[in-house]
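I have placed the structure first, in the form of structure tokens, so that the comments after it can refer back to it.
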Amino acid sequence: MRHSSIVRFLVIVLALLCAASAAAQIPTPEAFFGFKMGTDGKLADWPSIEKYFRTVAAASDRVELVDVGATTEGRRIIAAIISAPENITNLETLQIDNHLLADPRRLASDREALAIRSGARPVVAIGASIHASEIGATQSANELLYELATSVDARTESILRDLIIILLPSLNPDGHTMVVDWYRKMQGTPFDGAPMPWLYHRYVGHDINRDAFMMNMQENRTLAHFFTRVWHPQVFLAMHQMGSDGPRMFVPPNDDPIDVNHDPLIWRTAALLGSAMAMELEGQNKSGVISNAMYDYYWPGYEDSAPLGRNTVCVLTEVASVRLASPIDVAAKDLRGAGRGLPEYRPQINFPNPWPGGTWRLRDIVDYDLIAMRGLLNAASHYKDTLLLNFYTMGRRAIARGASEGPFAYLIRPEQHDTAAAAKLVSLLADGGVDVMQAQEPFKAGPVVYDAGTVIVPMAQPFRAYAKSLLEVQHYPVKRSSPQAPPDRPYDVAGWTLPIQMGVRVDQVDAAFDVPVMSKIDRLVTQPRYVVGFPKPDFYVIEGRGNTGAIAANRLLAAGLEPEWTAGSVTVDGSTYQPGTLVVRASARSSKRALPVLADLARQLGIRVAGARGRMPAAQAVHAPRVGLYRPWSDAIDEGWTRWLLEQHEFVFTTLRDAEIRRGDLGAALDVIILPSMPAARIKDGNRAGSLPDEYVGGLGDAGLASLKAFADAGGTLVALDASAALVIDALKLPVKNVVYDLPPDKFFCPGSLLRLDLDSSTPLGFGMQPETAAFFSFGSAWDVSGAPEARVIARYGKKDILLSGWIEGERVIAGLPAVIEMPAGRGRAILVGFRAQHRGQSHATFRLLFNAIFTSPRLR
Ligand SMILES: [Zn+2]
């Protein structure tokens, strides 16, 4: 006995010595970066952080560095996998266990799951600063890495033994780079700590955290792949920052409403882990911590809400911000409540220890983040077995629910108005970890016969909640603090149903049906087509439906083939094409040039192309005007989305700044100007003098408004998307008004929902679209055109049953009113779109409104 305890003692001493010598080779962040993390005015930049993570991984047997994947600008998202050395050498087995527990269908029994659990380790992923200006978490990640790689205390040892920690020091390295560059450039000037006057991502800035299910951005595709295919976290902590004049830190549980598709264990576990974080913070005298407030998880588009549907417990933290890395002073009298969950700034059950005010600095953020992460890791280590069992249980319960109650499946037919939208829907589900199947034979669901090739999304699968939330209609659980109080606004939007928003026909199956022979797919392959019809035609007919039709038009224009649009429908070779079909005149010479382009269109886009003989149907030219997209000196997210969308659909355009508009003579270089959705005052006034360097100050001003009017007078087209319509109405003195402008919420309220839209698809502005479609409406406009007989109405809100998904109060106020209008102005025109036609790259059903506004604009010179 005595002998063996001496041996054990020696082994422990040896282990400590080894750990100490490894630790000796690992530089502290302070030694490596040259300053302590969170020091006023100092920020670790991305190349240094990458290098630090590499250095620690090379020196530590507790750390393995992995390449998660690409960013939009070609940087790499990295992660440190941190665990005990015996786990690190056994990662492959632990990864297999992780995947088996994620999908109970791969296990024979609960007993097998329990057997796997005994060797498995919960995966706790920590993602820092997806919002790059919320930079504290990225700085603290370096310190957490160092602590976990070097500490030899019992708590750290048990955390490492029990858990696999995946630490992502930045979920947005492109943005981190921009913000650090900007901060350093402004340092020592009067604008120290000022916000960056552009987006902290090439396209979408803050909305990089509103793209988790749509995955339009590379970062979101990268993370979804990592979290569904590589590792499947049981817990995901997303670290953010918030405003400065309220609580110091938010930890879960979140606020209502919840998405009821998720297993209740999701909410219970988040509350447990959040409370563990809050307790750790209180224990270390960190005041101002709030929970059960402010942030809800109703909407699945955040980086930290999408994984809920995949049975990952998501934990959100928000810490009060500073001015990037520069400290701020917050006087006690300026501290205020946080709205939902904290009406007044005073102690209450979810906020027992208010922060008293004072100086607040980056190091405070780093400290709060580090303590909170410690609290989370302690709790996850303590509840390790429960986390693993619950993870498996949630998957098993989801499968059982999908097999025993409706909906049993969602079906996507092979024939769709816009095949590209249907293909996108299939790929975003598959990339989100959902099992998507394709029938290999015809089958019946209820009375309906479905063709072979129909896509089946069965609900009996572990990530049922994820798929169901995206595909079903939302009925927003309206909440008020009292019956007389105005409705609580959702933190994000109230309805998003993708089939409706994307214009894809998807059938919900509410009764059990005999599942046909089917195979799993991850893409809907575009079926290549060939040019059919007469070999020596008088003209070619090219299908122009949907957003694919816009790409086809742009390729024809780029090839110099001068496409036109038919006014009516056309029948060629027994097939009928709807109004707005593209036609290209053919002669013996031009056919030689056209045919390869047309063959490529048919093959690559899968659209119908036919050679036709006889008289060409009535048609008008599709234009390739010179397009300017307005871009203010601010983080205008809608501008970024619009720019991205135009690029994706192969439009040629230039960016237009305030100064260029103020200068005037816009018609010399442009035929169309697109104003993304922004409040009119923001466009007109821009940044306040003295808030930023002169080059970023001021908006369009009166001079800019006059230039826009002169542009329209000379024949130009102004396209106003959603909120910017108010500016165009003002600039052109249009005799129309928005009937819901400034209506109180008890009269009209619609925070991000899908509304019925009746559209004239026989007019060029509506070409290629479906006449009964949907608008994504978020505090948008409905037009009163009674004083404007010259207004042409392109689309109206439905006359009744306007709400298709989400939440609207007072729908009769907008029933049947114009939603999209074309107004003559001088020799030109304005197109006012009352809703988000291009909402976050999601509303495929209405992208064409923007595209058609461009195609219908003739060149001025
Ligand atoms: Zn944030």
Side-chain angles (χ1 to χ4, degrees), residues 43 71-72 77 125-141 168-180 182-183 193 195-196 198-201 203-214 217 219-220 223 236-252 254-255 270 274 277 288-291 293-308 314-325 328 338-341 360 362 364-366 368-369 372-373 376 489-493 634-637 640-641 840:
L43 290 170
T71 69
T72 296
I77 295 178
I126 300 176
S129 306
I130 191 166
H131 291 149
S133 62
E134 302 165 11
I135 207 160
T138 291
Q139 306 298 302
S140 50
L168 299 114
S170 170
L171 297 177
N172 178 9
D174 293 355
H176 182 83
T177 304
M178 295 179 200
V179 169
V180 173
W182 166 257
Y183 182 77
M196 188 169 73
W198 48 83
L199 298 159
Y200 47 65
H201 177 271
Y203 296 109
V204 297
H206 205 73
D207 268 7
I208 187 175
N209 192 36
R210 302 288 189 279
D211 184 47
F213 62 71
M214 207 65 192
M217 295 299 126
E219 287 81 355
N220 295 308
L223 287 168
F236 175 45
L237 165 65
M239 293 195 294
H240 287 252
Q241 286 171 218
M242 58 184 174
S244 309
D245 58 358
R248 294 301 91 189
M249 187 171 200
F250 165 83
V251 298
N254 292 38
D255 193 23
M277 297 162 90
V289 178
I290 190 168
S291 57
M294 299 166 82
Y295 305 97
D296 68 63
Y297 265 160
Y298 182 70
W299 183 65
Y302 309 115
E303 210 50 62
D304 53 304
S305 63
L308 297 169
C314 293
V315 179
L316 169 72
T317 62
E318 301 266 359
V319 185
S321 293
V322 293
R323 286 164 58 85
L324 298 176
I328 56 170
R340 299 163 59 177
W360 185 249
L362 184 61
D364 292 316
I365 301 173
V366 170
Y368 274 64
D369 276 342
M373 287 190 280
L376 174 79
R489 189 174 161 167
Y491 194 79
D492 199 80
V493 307
S634 67
D635 54 349
I637 301 173
W641 278 118
R840 293 174 177 163

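We count ligands from 1, going down the list as the structure has it; atoms in each ligand are counted the same way.
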- Message: Counting backbone and side-chain atoms alike, is an N, O or S atom of E134 positioned under 2.8 Å from the Zn ion (ligand 1)?
- Response: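 Checking the Zn ion (ligand 1) against E134, an N, O or S atom does fall under 2.8 Å.
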- Relative to the ring of H131, is the ring of Y200 parallel (under 30°), tilted (30 to 60°) or perpendicular (over 60°)?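 Aromatic pair Y200/H131 classed tilted.
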- Ignoring hydrogens and angles, state whether a donor on the side chain of D304 or Y297 is under 3.5 Å from an acceptor on the partner side chain.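 There is such a pair (donor and acceptor under 3.5 Å, judged by atom type) between the side chains of D304 and Y297.
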- T72-E219 side chain donor-acceptor pair, cut-off 3.5 Å: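 Distance-only check passes for T72 and E219.
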- Item | For H201 against G205, the heavy-atom pair lying closest together |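 In terms of heavy atoms, the two residues are closest at CB-N, 3.4 Å.
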- Query: Name of the H240 N, O or S atom nearest the Zn ion (ligand 1)?
  - Reply: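 Restricting H240 to its N, O and S atoms, the minimum distance to the Zn ion (ligand 1) goes to ND1.
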- Query: What N/O/S atom of H131 gets nearest to the Zn ion (ligand 1)?
  - Reply: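 Distance check against the Zn ion (ligand 1) picks out ND1 in H131.
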